[in-house]
Amino acid sequence: MPKVHFKSPLDDVTVEVKPGTTLLEAAEQGGAHVGHSCGGVCGCSTCHVWIRKGLDSLSEQSDAEMDRLDMGFDVRPYSRLSCQSEVGSEDLQVEITEESLSAFMDENPALRHQLEASGKWPLKK
């Protein structure tokens, strides 16, 4: 089974998943901080991630995903929406964008307050 490695300034998580699992499902399974304001239905761009390794092994990008990515912040050629990207057979390295991490903190205020109290949030630039 392929491994998905999620990296952000706050966490570094690796999870083993079955092919066909979305990156968002993998993130939730592993406890990675990927935001998803719309609930994972391609209704926003808050689950925007950068694929650092294994991009070609993901499911093909749909027109709906491309349209939503146009709304995203700092979109790059290796950007994907984690709710729409299904894992293939290769291991992946996924970087959680600042957009997604901020959405996750908005969705999880208790964690955000805890990180604010410890000086780890907001991120220092």
Side-chain angles (χ1 to χ4, degrees):
M1 285 199 299
K3 292 179 183 170
V4 183
H5 179 82
F6 292 94
K7 184 159 182 60
S8 82
L10 295 177
D11 61 3
D12 208 349
V13 174
T14 300
V15 61
E16 195 170 3
V17 297
K18 294 179 182 177
T21 302
T22 68
L23 290 176
L24 181 57
E25 292 167 338
E28 289 179 333
Q29 182 180 331
H33 298 137
V34 175
H36 53 287
S37 297
C38 73
V41 296
C42 199
C44 67
S45 63
T46 58
C47 69
H48 171 210
V49 295
W50 295 321
I51 310 304
R52 297 298 190 176
K53 180 182 170 196
L55 178 64
D56 291 338
S57 72
L58 291 173
S59 58
E60 189 172 330
Q61 203 171 32
S62 70
D63 289 340
E65 180 184 357
M66 286 187 264
D67 289 345
R68 285 295 167 201
L69 270 174
D70 284 342
M71 298 171 34
F73 175 74
D74 201 10
V75 175
R76 300 176 184 185
Y78 43 87
S79 289
R80 291 295 303 261
L81 294 181
S82 64
C83 71
Q84 299 300 298
S85 305
E86 293 181 357
V87 174
S89 58
E90 290 182 31
D91 291 349
L92 298 159
Q93 289 182 4
V94 179
E95 184 176 347
I96 301 170
T97 63
E98 185 176 337
E99 173 182 22
S100 186
L101 191 54
S102 292
F104 185 88
M105 291 303 155
D106 289 345
E107 297 161 11
N108 296 275
L111 176 60
R112 182 183 70 229
H113 294 308
Q114 178 185 5
L115 291 171
E116 287 170 341
S118 66
K120 295 180 182 176
W121 189 262
L123 298 175
K124 309 288 188 258
K125 294 193 178 196

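Keep in mind the model is a prediction, meaning the values are calculated, not measured. In this chain, numbering begins with 1 at the start of the sequence shown. Note: hydrogens, waters and symmetry copies are ignored here, and every other heavy atom, side chains too, is used.
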Next on the checklist: Using the rule that Ile, Leu, Val, Met, Phe, Trp and Tyr join whenever any side-chain heavy atoms are under 4.5 Å apart, tell me whether Val75 and Leu58 fall into a single cluster.
Outcome noted: no

Next on the checklist: When you compare the side chain of Pro19 with that of Pro2, does any pair of heavy atoms fall below 4.5 Å?
Outcome noted: yes

Next on the checklist: Between Asp91 (side chain only) and Lys3 (backbone N and O only), is there a donor and an acceptor less than 3.5 Å apart?
Outcome noted: yes

Next on the checklist: Please enumerate all residues that pass side-chain contact (heavy atoms from CB on, under 4.5 Å) together with Lys18, with sequence neighbours excluded.
Outcome noted: Met1, Thr21

Checklist entry - Would you say the side chain of Glu98 lies within less than 4.5 Å of the side chain of Leu101, judging by non-hydrogen atoms? => result no

Checklist entry - Does a sphere of radius 6.0 Å around CZ in Phe73 hold more than 12 heavy atoms from other residues, nucleotides or ligands, not counting ones at 6.0 Å or beyond? => result no

Checklist entry - Got a second to check how far Glu95's CD is from Arg52's CZ, nearest 0.5 Å? => result 4.5 Å

Next on the checklist: Would Leu69 and Gln84 count as a side chain to side chain contact (heavy atoms under 4.5 Å, CB included) here? Give the steps.
Outcome noted: CA-CA 11 Å; Leu69 270 174; Gln84 299 300 298; over 6 Å; no

Checklist outcome for this item: Rounded to the nearest 0.5 angstrom, the CG-NE2 distance for Asn108 and His113 is 11.0 Å

Checklist entry - Is it the case that more than 12 heavy atoms not belonging to Asp12 sit under 6.0 Å from its CG atom? => result yes

Checklist entry - Any side-chain heavy atom of Lys7 within less than 4.5 Å of one from His5? => result yes

Checklist outcome for this item: Closest non-hydrogen atoms of Ser57 and Leu92, given as atom of the first, atom of the second and distance, are OG-CD2, 3.7 Å

Item to check | Exercise: identify the closest heavy-atom pair between Cys44 and Thr46 | outcome: SG-OG1, 3.1 Å

Next on the checklist: Is there a path of hydrophobic side-chain contacts, each under 4.5 Å between heavy atoms, that joins Leu123 and Ile96?
Outcome noted: yes

Next on the checklist: Is it the case that the side chain of Ser100 and the backbone of Thr97 share a donor-acceptor pair, with hydrogens and angles ignored and the cut-off at 3.5 Å?
Outcome noted: no

Checklist entry - Would a hydrophobic clustering, with Ile, Leu, Val, Met, Phe, Trp and Tyr connected at side-chain separations under 4.5 Å, put Tyr78 with Val49? => result yes

Next on the checklist: Under a 3.5 Å distance rule, please check whether His36 uses its side chain to pair with a backbone N or O of Val34 as donor and acceptor.
Outcome noted: yes

Checklist entry - Under the side-chain hydrogen bond (donor to acceptor under 3.5 Å, both in side chains) criterion, do Ser79 and His48 qualify, and how do the steps go? => result CA-CA 7 Å; Ser79 289; His48 171 210; 2.7 Å; yes

Checklist entry - Does a salt bridge link Arg112 with Asp106, judged by any charged N lying under 4.0 Å from a carboxylate O? => result yes

Checklist entry - Residues two or more places apart in sequence or in another chain: which of them pass side-chain contact (heavy atoms from CB on, under 4.5 Å) with Ser45? => result Met71, Leu81, Glu99

Next on the checklist: With rounding to the nearest 0.5 angstrom, report the OG to CG distance, Ser82 to Leu24.
Outcome noted: 4.5 Å

Checklist entry - Taking Glu107 for the side chain and Ser37 for the main chain, is one N or O donor matched with an acceptor at less than 3.5 Å? => result yes

Checklist entry - Can you tell which of Thr22, Val4, Leu23 makes a side chain to side chain contact (heavy atoms under 4.5 Å, CB included) with Val17? => result Val4

Checklist entry - Who passes side-chain contact (heavy atoms from CB on, under 4.5 Å) against Gln114, sequence neighbours left out? => result Leu111

Checklist entry - What heavy-atom pair brings Phe6 and Val15 nearest, and what distance separates the two atoms? => result CE1-CG1, 4.1 Å

Next on the checklist: Do Arg80 and Ser59 have side chains that approach each other closer than 4.5 Å (heavy atoms only, starting at C-beta)?
Outcome noted: yes

Checklist entry - Going by the angle between their ring planes, with limits at 30° and 60°, are Phe104 and His33 parallel, tilted or perpendicular? => result tilted

Checklist entry - Just wondering, do Glu65 and Arg68 contact through their side chains at under 4.5 Å, heavy atoms? => result no

Checklist outcome for this item: What one should report as the nearest heavy-atom pair of Leu10 and Trp121 is CD1-CE3, 4.0 Å

